[in-house]
Amino acid sequence: MVLHITPYSSACLHFLDGLSWSLVFPCYWFLDRLLASCVATSLEKRQRSQDPCSFLTLCVLISAPLYLLLLLASLPFALLGFIIWAPLQAIRQPYLYTYCRPDKHQAEQGQAGAGIGEWRPQGRSFCFCSANVCLLPDSLARFNNLSDTHRRAREVGKRIRNGASRPQIKIYIDSPTNTSISAASFSSLATGFRRTSSLDQRPDQTHTTNGPADTETEPATECPIHPSGATDCPVHPSSAPDCPLHTSGVQISISAPEPDPQEEEAETGNHRPGEHGGADTGSMTASRESLARYHGSDGGIGISSNNTLSHVPRTSIFKRPGRKRRHGDETFDHDISAFFPANLDFLALQEVFDHGSTTRLRRQLHRYFPYILSDVGRYGWKGCCSRFKFLNSGLMLASRYPILDARYECYPNGRGEDALAAKGALFAKVHVGTSHQEQRVVGYVTCTHLHAIEGDASVRCEQLDRLLQWGAEFRQSSSIPLEGEKVLEDLVAFDVILGDLNFDNCSSEDKLEQQHALFTQYKDPCRLGPGEDKPWALGTLLDPSGLYDEDVSSPESLQKLMENEEGRKEYLVFPPSKSQCPASSQKGRKIPLKGNGRRIDYILYSDEGLQQDWKLEIEEFSFVTQLAGLTDHLSVAMRLAVSTGEEEP
């Protein structure tokens with residue numbers, strides 16, 4: 001299948017598009033700045049109230065009239081550019097596929113891309129993540145109490161990349177007294193290992209993972225921190241009678257990808273050179289600071305420049321309780337994590353609307369994900385879009401595995417302000433391995449964003465109908481070989497839907513969507529049934545009015561708050577009660593609430609259409625707070641294991 005590596009099929013059309021946008025952009029920018037100066041965030045209001053004569057207030061008073069004058073002056077040029085730009089959108093490609101070839105350093109460390117070699121009989125696990133990042137034009141983002149879209153786009157990319165490429169630690173414990181031990185968080189490496197570490201009882205082998213294609217090593221014969229020849233344990237003081245690493249039979253496996261030493265990297269489409277972007281090395285993100293933090297006063301375990309654990313004594317390293325939990329008869333772990341999962345394979349983003357933010361975000365993500373589908377959607381009056389589309393779909397899909405085929409479809413039934421964006425669904429087919437019989441092992445990933453206006457349940461249900469229909473058509477068409485091509489039938493490993501569906505499973509207003517046929521074909525790990533979530537399921541929509549509070553200003557503080565019931569009631573959006581206006585803020589109110597907030601971000605999977613004897617099992621499900629302060633949504637992540645039912649030869 002052909003993937004679109006440029007917006008237009010010819011250089012002439014590409015030039016006309018660039019020329020038209022250069023005429024439109026000044027007017028667009030002045031309008032955006034003018035509206036942004038009239039809509040203040042809660043942080044800006046707080047700053048102005050503390051000092052009415054502040055520099056910020058003076059800038060607004062001076063800049064607003066200036067922007068208005070420049071806007072009026074640029075209108076004639078914008079009109080001319082629009083006349084050229086609008087017709088071009090009818091022949092513009094629906095998405096842009098970019099491939100970033102990993103450099104030598106990344107290839108050696110395994111940071112860029114995942115192996116698609118021979119499919120192992122025991123199967124493989126894959127990690128998926130979905131996040132609504134609210135990268136609207138700055139003036140529109142302010143209605144969600146967010147600002148500075150371009151800065152947030154860079155920071156979102158950095159945090160996702162840093163979280164996914166951080167060291168992955170597996171702790172195996174073999175002890176007759178310790179039957180349930182969890183790992184602690186990387187947010188405090190000085191006092192414990194990360195919350196999202198994988199733990200298994202009595203392993204036969206220790207695995208070091210740096211991607212889906214795991215490499216197996218011999219069983220550990222000694223503590224990796226406490227050398228066999230050492231007279232005392234470097235983790236514990238000499239007064240301690242025994243090293244708990246040895247008495248408990250602990251085995252630790254660390255996968256630590258090296259940081260990227262390059263200042264710049266190429267972003268290419270379909271193995272061809274493209275635009276270049278530099279890395280912002282001047283400031284470290286909150287997540288990277290957390291990874292590198294340790295206590296120097298009385299010792300601690302930190303992360304050195306090469307992402308390895310430094311051997312600094314600390315007596316309490318194994319004493320901190322973990323946060324990874326299983327509830328009742330649950331067969332998988334679930335947690336609230338301050339970091340994106342290590343070795344993340346597929347990332348689905350929504351609301352990446354702003355063009356400049358798309359470029360900045362894509363540049364950051366390409367440092368970890370080689371394959372990206374971005375700039376997805378239509379502008380103008382193309383196809384099913386009966387109304388003029390000022391914004392594209394806002395969807396973006398990043399993958400560590402090669403993308404074989406992709407398709408975008410636009411929902412034709414948008415209403416109100418939602419109809420101004422080309423919301424739809426992005427379907428992708430990815431190559432994840434090859435069987436012994438030279439059959440391709442593939443997976444299907446769908447990213448979508450549904451209608452947002454409350455009360456329009458019928459609109460969302462119609463969109464879900466189309467989503468299922470389009471998905472079936474895409475799987476069928478992508479499995480048909482090209483004319484004259486003789487290939488074996490593909491083996492399907494997984495079929496996953498990720499995105500912001502804009503309804504939850506607890507609101508009485510969303511009953512129609514909760515009973516949709518989507519949930520008979522796809523499974524929701526957080527759902528017990530229509531109208532009832534599992535007790536540990538968490539709402540993903542944050543109350544915008546509290547985004548700048550100190551309690552939710554960092555990934556770690558937001559994580560701790562979400563683990564507390566009162567914190568969830570304070571900062572999550574819940575289904576409105578009959579006595580509450582839906583548009584009012586619930587911050588500081590005691591409301592009779594059901595569930596743990598509005599969970600509108602989903603990861604669904606289907607086991608239909610798999611090979612015989614193949615099975616899907618969830619290994620872990622996480623609610624991620626690493627984008628604290630950058631968006632009004634929590635991210636969700638899931639690790640899915642695909643087992644073939646065969647035994648290792």
Side-chain angles (χ1 to χ4, degrees), residues 40-47 49-50 129-136 141-149 151-160 162-163 185-188 194-196 283-291 293 323 335-340 349-351 500 504 536-575 584-591 593 595-601 622-637:
T41 64
S42 60
L43 178 62
E44 293 169 344
K45 291 178 181 178
R46 187 186 310 163
Q47 293 171 343
S49 64
Q50 294 173 353
C129 181
S130 177
N132 185 316
V133 291
C134 198
L135 294 179
L136 290 152
R142 288 171 174 268
F143 289 98
N144 287 351
N145 202 24
L146 294 164
S147 64
D148 203 350
T149 298
R151 178 196 63 82
R152 288 191 296 113
R154 287 192 297 268
E155 189 69 10
V156 165
K158 287 181 182 179
R159 292 195 189 183
I160 293 174
N162 290 339
S185 174
F186 255 134
S187 62
S188 301
R194 65 181 179 87
R195 287 180 174 88
T196 53
S283 64
M284 302 296 287
T285 66
S287 57
R288 179 57 72 189
E289 289 174 350
S290 301
L291 288 174
R293 190 182 302 127
R323 303 297 178 91
D335 66 346
I336 303 171
S337 173
F339 299 97
F340 284 92
L349 300 178
Q350 302 87 47
E351 293 197 12
D500 181 353
D504 65 79
W536 52 266
L538 190 66
T540 59
L541 187 60
L542 296 170
D543 185 356
S545 64
L547 292 180
Y548 297 101
D549 289 3
E550 186 177 356
D551 291 339
V552 296
S553 60
S554 70
E556 293 84 357
S557 60
L558 180 58
Q559 176 197 33
K560 294 178 181 178
L561 201 70
M562 292 297 102
E563 292 171 344
N564 180 273
E565 183 178 359
E566 294 302 319
R568 293 194 292 269
K569 290 181 179 180
E570 187 79 5
Y571 288 97
L572 288 178
V573 173
F574 281 76
S584 66
S585 172
Q586 62 190 34
K587 192 175 186 304
R589 302 188 182 193
K590 294 183 178 180
I591 314 168
L593 304 172
N596 288 319
R598 295 202 66 202
R599 184 176 60 88
I600 64 175
D601 298 273
S622 303
F623 296 91
V624 182
T625 65
Q626 194 167 3
L627 299 184
L630 302 177
T631 179
D632 56 351
H633 285 245
L634 296 181
S635 307
V636 289

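Just so it is clear, the values below take in all heavy atoms, side chains as well, and ignore hydrogens, waters and symmetry mates. Numbering of residues begins at 1 and proceeds along the displayed sequence.
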Check your understanding: Can you check side chain to side chain contact (heavy atoms under 4.5 Å, CB included) on L572 and L542, steps first, answer last?
Key -> CA-CA 4 Å; L572 288 178; L542 296 170; 3.6 Å; yes
Check your understanding: Do Y571 and D549 have side-chain N/O donor and acceptor atoms under 3.5 Å apart?
Key -> yes
Check your understanding: Under 3.5 Å, is there a donor-acceptor pair between the S337 and D335 side chains?
Key -> no
Report yes if the side chains of [X] and [Y] come closer than 4.5 Å at any heavy-atom pair, otherwise no.
X    : Y    : answer
R151 : L630 : yes
V624 : V636 : no
I336 : T625 : yes

Check your understanding: At their closest point, which heavy atom of L634 faces which heavy atom of G539, and how far apart are they?
Key -> CD1-O, 3.4 Å
Point to revise | Smallest separation among heavy atoms of L547 and L146, with atom names | key: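 Here L547 and L146 meet closest at CD1-CD2, 3.7 Å.
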Check your understanding: So, does Q626 use its side chain to make a donor-acceptor pair with the main chain of P555 at under 3.5 Å?
Key ->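 Pair absent, no side-chain N/O of Q626 close to backbone of P555.
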Check your understanding: Is there a donor-acceptor contact under 3.5 Å from the side chain of N145 to the main chain of S42?
Key -> yes
Working to the nearest 0.5 angstrom, can you tell me the gap between [X] [atom1] and [Y] [atom2]?
X    : Y    : atom1 : atom2 : result
L538 : M562 : CG    : CE    : 6.5 Å
S635 : L349 : OG    : CG    : 8.5 Å
I600 : D500 : CD1   : CG    : 4.0 Å
R152 : L136 : CZ    : CG    : 8.0 Å
D543 : R568 : CG    : CZ    : 15.5 Å
N132 : L541 : CG    : CG    : 8.5 Å

Practice item. Report the residue from Q559, R159, E556 that forms a side chain to side chain contact (heavy atoms under 4.5 Å, CB included) with F339. Key: E556
**Study point:** Passing candidate, side chain to side chain contact (heavy atoms under 4.5 Å, CB included) with H633, options V133, D601, L627
**Key:** D601
Review point. With a 4.0 Å cut-off, would you call E565 and K569 a salt bridge?
Key: yes
Check your understanding: Can you list the residues that meet the salt bridge (charged side-chain N to carboxylate O under 4.0 Å, His left out) rule with R599, with sequence neighbours excluded?
Key ->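 So R599 forms a salt bridge (charged side-chain N to carboxylate O under 4.0 Å, His left out) with D524, D533.
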Revision key, fill the gap. E566 meets the salt bridge (charged side-chain N to carboxylate O under 4.0 Å, His left out) criterion, sequence neighbours left out, with none
Check your understanding: So D551 and S557, side chain to side chain donor-acceptor pair (under 3.5 Å) or not? Walk me through it.
Key -> CA-CA 6 Å; D551 291 339; S557 60; over 6 Å; no
